[in-house]
Structures are given as structure tokens and as C-alpha cells.
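Data block below; observations after.
What's counted below: heavy atoms across the whole structure, side chains too, no hydrogens, waters or symmetry copies.
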Amino acid sequence: MNFRTFKNKFLFTNYPDVGLLLLRIGLAGSMLMAHGVDKFSNFAELSRRFPDPIGLGSGVALTLATFAEFVCSIAVICGLFTRPATLFLIITMAVAVFVIHANDSFENKELAYVYLVGFVALFFTGPGRYSIDRKL
């Protein structure tokens, strides 16, 4: 096998899948570490003062946000049930952008917006070749 065959067969055909893997790990990993672990670790304390943007109570809102940011982020990193997991993350980030930070400057909602766009992209593209979903 010469270099041109190797390049065309292996390198260029895998770039999109490597990109999706990096996107999954980068987005969901930073979501998990920055937000999910904190909510999971401090659940009891946060449940008393967590915002209730959907009118179901602070505890329910925190449970849903923690599920999305902790459990669904792990699923996205692994590429397991990626589309359903990203759907939960999309809903959580949409609530953050359009409800929680609705009256804030773009600076204050920028991170949630970046997460939202990234998870929407993953929802449409799927997890790529390097995922558990691909093996199932």
C-alpha cells in the first residue's frame, strides 16, 4: 500500500469522525466538569436555592439540570444514546439561554449559547464512528 492509498483510505475518511469525537469530548467533558459535577456534588444545598424556570419546583428543576449536565454528558462523551442525551442537553441549554439569562447581556449567556449550538450540531450529525452507538 502506497502513501496515497493510505491517505485516501484512512486519513481523510476518518477526519469527520475524529472531529465528532473531539467535539463530543470537548463539549460534554467541559459541561460535565464545570457544571454537572458541581450540581451532583452539592445537590442538597443547591436544591433550596436553585432557580425554578419551568414552574415545577427548585428540586425538580435541579434534578433535570443535574441529569442533563452529569448523566447525559457522560453518555455523550461515550457516544452512548447520543441523540437522546443531546436532546436533554439542548433543552437545558435553551432554558438557560432563553429563560434564565433572557434579560442578561450576551456576555452572560454566551457560554450556554455555545453549548447549545454545539449540542444541536451533535444532535444532527450523530456521534460518529468512534462511539458506542456505532457498535450497537
Would you mind writing out the side-chain donor-acceptor pairs for residues 93-105 within the sub-3.5 Å range, not counting sequence neighbours?
{"unit_1": "His101", "atom_1": "ND1", "unit_2": "Asp104", "atom_2": "OD2", "d": "2.6"}

Check: Does Met33 sit in a hydrophobic cluster with other residues, and if so which ones, taking ILVMFWY side chains as linked at heavy-atom separations under 4.5 Å, directly or through other members?
Finding: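 Besides Met33, the hydrophobic cluster comprises Val18, Leu21, Leu22, Ile25, Leu32, Val37, Phe40, Phe67, Phe70, Val71, Ile74, Ile77, Phe88, Tyr130, listed by chain and residue number.
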
Margin query: Tell me which pairs pass salt bridge (Lys or Arg N to Asp or Glu O under 4.0 Å) where either residue lies in residues 63-75, with sequence neighbours left out.
Written below: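 Pairs touching residues 63-75 that pass the test: Lys39-Glu69.
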
Check: What about Phe123 and Phe81, same hydrophobic cluster or not, with Ile/Leu/Val/Met/Phe/Trp/Tyr joined at side-chain heavy-atom distances under 4.5 Å?
Finding: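 Different clusters: Phe123 never reaches Phe81 through Ile, Leu, Val, Met, Phe, Trp or Tyr contacts under 4.5 Å.
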
Check: Who pairs with Arg48 by salt bridge (charged side-chain N to carboxylate O under 4.0 Å, His left out), at least two apart in sequence or on another chain?
Finding: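 Testing Arg48 for salt bridge (charged side-chain N to carboxylate O under 4.0 Å, His left out), a comparison that skips the adjacent residues, returns none.
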
Next item on the list: Can you sort out the partners of Glu45 under salt bridge (charged side-chain N to carboxylate O under 4.0 Å, His left out), two or more places apart, ordered by chain and number?
Entry: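 Residues passing salt bridge (charged side-chain N to carboxylate O under 4.0 Å, His left out) with Glu45: Arg49.
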
Note to self: Rounded at 0.5 Å granularity, tell me how far CG in Leu23 sits from OG1 in Thr125.
What the structure shows: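 The distance works out to 7.0 Å.
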
Next item on the list: Nearest 0.5 Å please: distance from the SG atom of Cys78 over to the CD1 atom of Ile132.
Entry: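 Rounded to the nearest 0.5 Å, the SG-CD1 separation comes out at 5.0 Å.
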
Next item on the list: Given side chain to side chain contact (heavy atoms under 4.5 Å, CB included), test Leu27 with Leu89 step by step and report yes or no.
Entry: CA-CA 11 Å; Leu27 273 177; Leu89 288 160; over 6 Å; no

Item checked: Pair listing, side chain to side chain donor-acceptor pair (under 3.5 Å) test, anchored in residues 71-89, at least two apart ->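 Listed once each, the pairs are Thr82-Asp133.
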
How close do [X] and [Y] get, heavy atom to heavy atom, and via which atoms?
{"X": "Cys72", "Y": "Ala68", "result": "CB-O, 3.0 Å"}
{"X": "Leu20", "Y": "Pro127", "result": "CB-O, 3.6 Å"}
{"X": "Ser47", "Y": "Ala44", "result": "OG-O, 2.9 Å"}

Margin query: My understanding is that only residues two or more places apart in sequence, or in another chain, count here; which of them pass side-chain hydrogen bond (donor to acceptor under 3.5 Å, both in side chains) with Asp38?
Written below: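 With neighbours one apart ignored, the set is Asn42.
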
Margin query: Can you list everything that forms a side-chain hydrogen bond (donor to acceptor under 3.5 Å, both in side chains) with Lys109? Sequence neighbours excluded, please.
Written below: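 Scan of Lys109 (side-chain hydrogen bond (donor to acceptor under 3.5 Å, both in side chains), adjacent residues dropped) gives none.
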
Next item on the list: Report the residues that fulfil ring-ring contact (aromatic ring centres under 6.0 Å, His included) with Phe106, sequence neighbours left out, ordered by chain and then residue number.
Entry: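 Tyr113.
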
Item checked: Listed partners of His35 passing ring-ring contact (aromatic ring centres under 6.0 Å, His included), at least two apart ->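 Testing His35 for ring-ring contact (aromatic ring centres under 6.0 Å, His included), a comparison that skips the adjacent residues, returns Tyr115.
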
Notebook entry, point to check: Side chains of Val120 and Val117: closer than 4.5 Å at any heavy-atom pair?
Noted result: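 Val120 does not reach Val117 side chain to side chain.
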
Note to self: Main chain of Val76, side chain of Arg24: is a donor-acceptor contact present, judged purely on distance under 3.5 Å?
What the structure shows: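 The answer is yes, because a donor-acceptor pair under 3.5 Å joins these two groups.
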
Please table the atom pairs, donor to acceptor, closer than 3.5 Å between any side-chain atom in residues 56-66 and protein atoms at least two apart or in another chain.
{"unit_1": "Ser58", "atom_1": "OG", "unit_2": "Phe50", "atom_2": "O", "d": "2.6"}
{"unit_1": "Thr63", "atom_1": "OG1", "unit_2": "Gly59", "atom_2": "O", "d": "2.7"}
{"unit_1": "Thr66", "atom_1": "OG1", "unit_2": "Leu62", "atom_2": "O", "d": "2.7"}

